[in-house]
Trainee: 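Below is the structure I would like to discuss, written out as structure tokens.
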Amino acid sequence: MEKYERRTGKLGKTKDKKLRSFLKRGDLKSKDAAEKAADAEILLTESNGYLEPENEMEQTYKVKQEDIVANVDLATANKKISLDLPNFGPYSIDYSLTGNYLLLGGRKGHVSSFNWKLGEMGCELQLQETVHDVKYLQNDYECFAVAQKKYVYLYDQFGAEIHQLKHHVGATHLEYLPYHYLLATAGTTGYIKYQDVSTGQLVAELRTKLGNTTALRQNPYNAVLNAGHSNGQVSLWAPNMSTPLVKLLSSRGPVRSISVDRSGNYMAVAGQDKSLKIWDIRRFAVLEEYYSPKPASSTSISASGLLSVGWGSHVQIWKDVLTRSGEKVSAPYMNHLLPGHQVETVRFCPFEDILGIGSTKGFDSMIVPGSGEANVDALEINPYSYATRTGRRETQVKMLLEKLQPDTITLNPNDIGKVDSRSHAERLSASQKQAEEEHQALLDKQKLNALPGTKPANSRLRKMLRKKTKNVVDQRKMRIEHAWEREKQARENIKRKAEGLEVKTTGAAMRRFM
Amino acid sequence: MKFKTISRSADDYVPVANTQSARQPRNLDPDMHPFERAREYTRALNATKLDRMFAAPFLGQLGAGHVDGVYSLAKNPLKLGVLASGSGDGVVKTWDLGSHEEQWSVNAHDGIVRGLCYTPKSQLLSCSSDGTVKLWSPSTMSPLQTYHSLSGGGLMSIDHHYSEDQFITAGTQLEVWDTNRSKPKSTLSWGADNLSSVRFNHTETNICASTGNDRSIVVYDLRTNSPVQKLVTTLNNNALAWNPMEAFVFAAASEDHNAYLYDMRNMKRALNVFQDHVAAVLDLDFSPTGQELVTGSYDRTIRIFRANEGHSRDIYHTKRMQRVFSVRFTMDSRYIASGSDDGNVRMWRSVANDRSGIKSAKQRTKIEYDRALTERYKHMPEIRRINAARRVPKAVKVARNIKREELEAMKRRHLNYVKNSKGRAGFTPEREKHIVGVGIADKVAKQTQKQRRKEKKPQQETSE
């Protein structure tokens, strides 16, 4: 029930009766919706996986993949695949949003996209150029980006090069924000660049000023990019801010890998100093600190909150490390060894209990019971909507219609549509503030103030009187004459005060005749 | 060790045949639906844009219209598809709204046909500036009956009782007629030399109200055969209309560019002020739901107001439409008819982007969803801007700017006046500004009685 509740505003001192009843009705509706959503859980057709010991002697981390394969149904067992690709590794990998397609990018130029469930090849490329990272873009598998030696290139599903992104130089990390249609790149230049893949425009170029970007991962909850740098800092970026939203110091060496869970609450950061820190990114506080025997090369968090860490030739899966605070988890959930490999990338497959591992010698997948989300939503990213042609088209159109603007990316995505309760002065941007100050200064200058400090001959008022035609007496001249009289008196008073004499003042009642 | 892994079968989700529709499983976990608000906002923005894109309020004119200006319209409360119109040359026509064709036309009067109304028997009553009322069966070419007003002058307005055989006319005084008699049953008046409009209340059926040229609105009770209340405003009122759902509430069209909503129990204060027109409001009509109000104005535009909002929700105009002298909602509240000086009777959609075709359940759900979303995000600047944007005739635009400037100047002047009055002067609410005074018949009667008693008493004393 709590999971489904949307936080509603406080009624507080709302005096307006109409508004009050309107807000109350809204609250009731939202409460009702939460209750109904909780009740609808009974309609979920699938259940999540699990791996549980039957007695105290059994340990889940001792379970071997062979044991699992032997015990699960044939369809699941077939999902464990292993590709021996010793020549072009190490491989960076990416699953498409639906989890149906797999993209492999070998460092030495081998790129391959295929439907791993059906075993259908999409395309295979030999680029004969360094490949740093690969990423699926819009429409599931129909377009993907490859960060190559110098530029980032876009390819279609058949492997034809559609674009060369010349602005994205030296990119080593790619991220795709599916709801915003933004491709984000970062790499050796220290810039984070956003490219809108639906319109082709370069949306933002952000200079990190922190050198090499060593890790990049989006927060799926708010589309903020979390970038790791070689000085151990993690900075959070949104395309409408030229400075980082937040900067955190996480490790004592370069950051190796970042991963964020789908609720946007937790972040795992692995560093060169072998540390693995779990951050609460609502409070920006470290929840727990773990260490790996070797610096972790890649981390990934699954839909159910399992954390996978790849280091050396090992892959470890940790359970409950995100939510449990104050008490360290002593043993991993699962262990996996790839003898003779060096793990490059680990990625959980969406909607499946599968972890994909890209390594120096190819690709391996691992069955991790209880890692994926079993129940799909037909109106969201849906693995089955791409099965038919009409489904593909409809999804494409719907997603495009609901494309979010880049400036809606904020730390709290629920701020949209809310009242900005800051005062006018607080809300003003720096340039507006400056303009306002200048305007005020100009107004002040225009006032005819008596300036007793200046010499009588240099007085602005005197100059004005001198300039004015002698025989014309108008309002302005009278005003200046009054001010000039006042100034003279003020000057006189300063003199008298210095001599220790009594200061002449006219009372408030008489001043109007001066 | 106990294992379980996800094992969905694609056969459960993917339709086997083209004719089958795909299963639509839902998972309402909020984590599965990121950017909920941003996406809702985007949908609301799209819906608002589509609303404006599909806005096509003008349906067309009825037949070839009239030769002279159309100064009166009447809808039949019992039939949807007919409308009657009366013109300046004395011609009365009825129209078939389905085909936009003329049904019946008759040279009814010698003067301008100022008032038209349907009787519960679907007969038509017309009144004219020639001082006669004629009863028509809208198929024959001669009147069933002709009534001659006793007051001598022209008749300006007519309305029939909800159920009984009586009707009222407005001329130099209010005349109450029995349909079966040739002379009025009674006449009523309170101050005004000329009445411009009368309307029966169709809920409290014996109550009626009139607007007069002494800037007054008078409410009458026909059971006691007397006026009950009188309201005097700063400028003349041109027309009034009762709310068909709230028996006490009526709206009046004023010369001061506004329409006002009143509660007849307390007329010291208007319930609402409908602003936006830049010239006198000439006619107005409530929608049958009582939720909306349509006004026709001398500025050649029609505006639609929600009864609980002060500014119009839409403005309709065409290049050729002249001063709008009469407007009516149809009985299904989906269309609006307008009669203007140029002799045409025009039909409009009451919701500009509404389409009358049959909608599938999916379409209806979508429309409802979009409406809820636009309502929810209507305060967002972008949505508000798109929603409010209307192309307005240049003359109206210019007049609006001038009016705004004038009002601001008046406001400023009054502010200065209040500032320097040392508390003697204050501000009057917008809803009371136009009200000069309210008279209640009982009070007046009591006062006169008191006065009489006072006058009598001293006489008695002296006699004793």
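A note on names: the letters A, B, ... follow the listed sequences, proteins ahead of strands, and every chain is numbered from 1. Values reported hereafter were calculated over all heavy atoms of this structure, with side chains retained and with hydrogens, waters and symmetry mates removed. In this text the structure is predicted, and so the values were computed from the model without any measurement.
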Trainee: Side chain, backbone, both or neither: which part of A:S385 has an atom under 4.5 Å from a heavy atom of chain B?
Mentor: neither
Trainee: Please determine whether a side-chain nitrogen of the Lys or Arg among B:R8 and A:E352 lies less than 4.0 Å from a carboxylate oxygen of the Asp or Glu.
Mentor: yes
Trainee: Does any heavy atom of chain B fall under 4.5 Å from the side chain of A:A75, the backbone, both, or neither of them?
Mentor: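 Interface part for A:A75: neither.
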Trainee: What part of A:Y221 gets within 4.5 angstrom of chain B, counting heavy atoms only: side chain, backbone, both, or neither?
Mentor: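 Only the backbone of A:Y221 comes within 4.5 Å of chain B.
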Trainee: Is there a side-chain contact between A:R262 and B:D29 (heavy atoms, below 4.5 Å)?
Mentor: yes
Trainee: Sort by residue number and list every residue of residues 62-70 of chain A having at least one heavy atom under 4.5 Å from chain B.
Mentor: A:V63, A:D67, A:I68
Trainee: For the candidates A:L44, A:T408, A:L379, A:V72, which exhibits the highest count of non-hydrogen atom pairs separated by less than 4.5 Å from chain B?
Mentor: A:L379
Trainee: Where does A:T390 contact chain B at under 4.5 Å (heavy atoms): side chain, backbone, both or neither?
Mentor: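 Neither part.
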Trainee: So, the side chain of A:K403 versus the backbone of B:T42: is there a donor-acceptor pair under 3.5 Å, distance only?
Mentor: no
Trainee: Which atoms of A:S263 come close to chain B, meaning under 4.5 Å heavy atom to heavy atom: side chain ones, backbone ones, both, or neither?
Mentor: both
Trainee: Could you tell me whether the side chain of A:E373 reaches within less than 4.5 Å of the side chain of B:M32, counting heavy atoms only?
Mentor: yes
Trainee: Between A:E54 and B:M1 (side chain of the first, backbone of the second, donor and acceptor by atom type, cut-off under 3.5 Å), is there such a pair?
Mentor: yes
Trainee: Determine whether more than 12 heavy atoms belonging to other residues, nucleotides or ligands lie under 6.0 Å from atom CG of A:L118.
Mentor: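 Buried by this count: over 12 neighbours within 6.0 Å.
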Trainee: Of the non-hydrogen atoms in B:P34 and A:P220, which two are nearest, and what is the gap between them?
Mentor: CB-O, 3.7 Å
Trainee: Would you say the side-chain atoms of A:E52 pair up with the backbone N or O of B:K2, donor to acceptor, closer than 3.5 Å?
Mentor: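 Here the side-chain-to-backbone pair does not exist.
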Trainee: Of the backbone (N, CA, C, O) and the side chain (C-beta and beyond), which part of A:I354 lies under 4.5 Å from a heavy atom of chain B, both, or neither?
Mentor: neither
Trainee: Do B:T5 and A:D73 have side chains that get closer than 4.5 Å, going by heavy atoms?
Mentor: yes
Trainee: At a heavy-atom separation under 4.5 Å, does A:A303 approach chain B through its side chain, its backbone, both, or neither?
Mentor: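 For A:A303, neither part sits under 4.5 Å from chain B.
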Trainee: What do the steps show when you test A:I416 against B:M380 for side chain to side chain contact (heavy atoms under 4.5 Å, CB included), and what is the final call?
Mentor: CA-CA 9 Å; A:I416 293 161; B:M380 296 293 284; 4.2 Å; yes
Trainee: Who passes side chain to side chain contact (heavy atoms under 4.5 Å, CB included) against A:P350, sequence neighbours left out?
Mentor: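 Residues passing side chain to side chain contact (heavy atoms under 4.5 Å, CB included) with A:P350: A:Y95.
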Trainee: Is there side-chain contact between A:P369 and B:K4, with heavy atoms separated by less than 4.5 Å?
Mentor: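 No, every pair of side-chain atoms sits at 4.5 Å or beyond.
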Trainee: Contact between B:I6 and A:F351 at the side-chain level, heavy atoms closer than 4.5 Å - yes or no?
Mentor: no
Trainee: Any heavy-atom pair between the side chains of A:L177 and B:F35 that's under 4.5 Å?
Mentor: no
Trainee: Assess whether a salt bridge exists between B:R39 and A:E402, defined as any Lys/Arg side-chain N lying under 4.0 Å from an Asp/Glu carboxylate O.
Mentor: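 Looking at A:E402 together with B:R39, the answer is yes, because their closest N to O distance falls below 4.0 Å.
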Trainee: Name the region of A:P53, side chain, backbone, both or neither, that has any atom closer than 4.5 Å to a heavy atom of chain B.
Mentor: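 Answer is both: backbone and side chain atoms of A:P53 are under 4.5 Å from chain B.
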Trainee: With a 4.5 Å heavy-atom cut-off, do B:N27 and A:V376 have their side chains touching?
Mentor: no
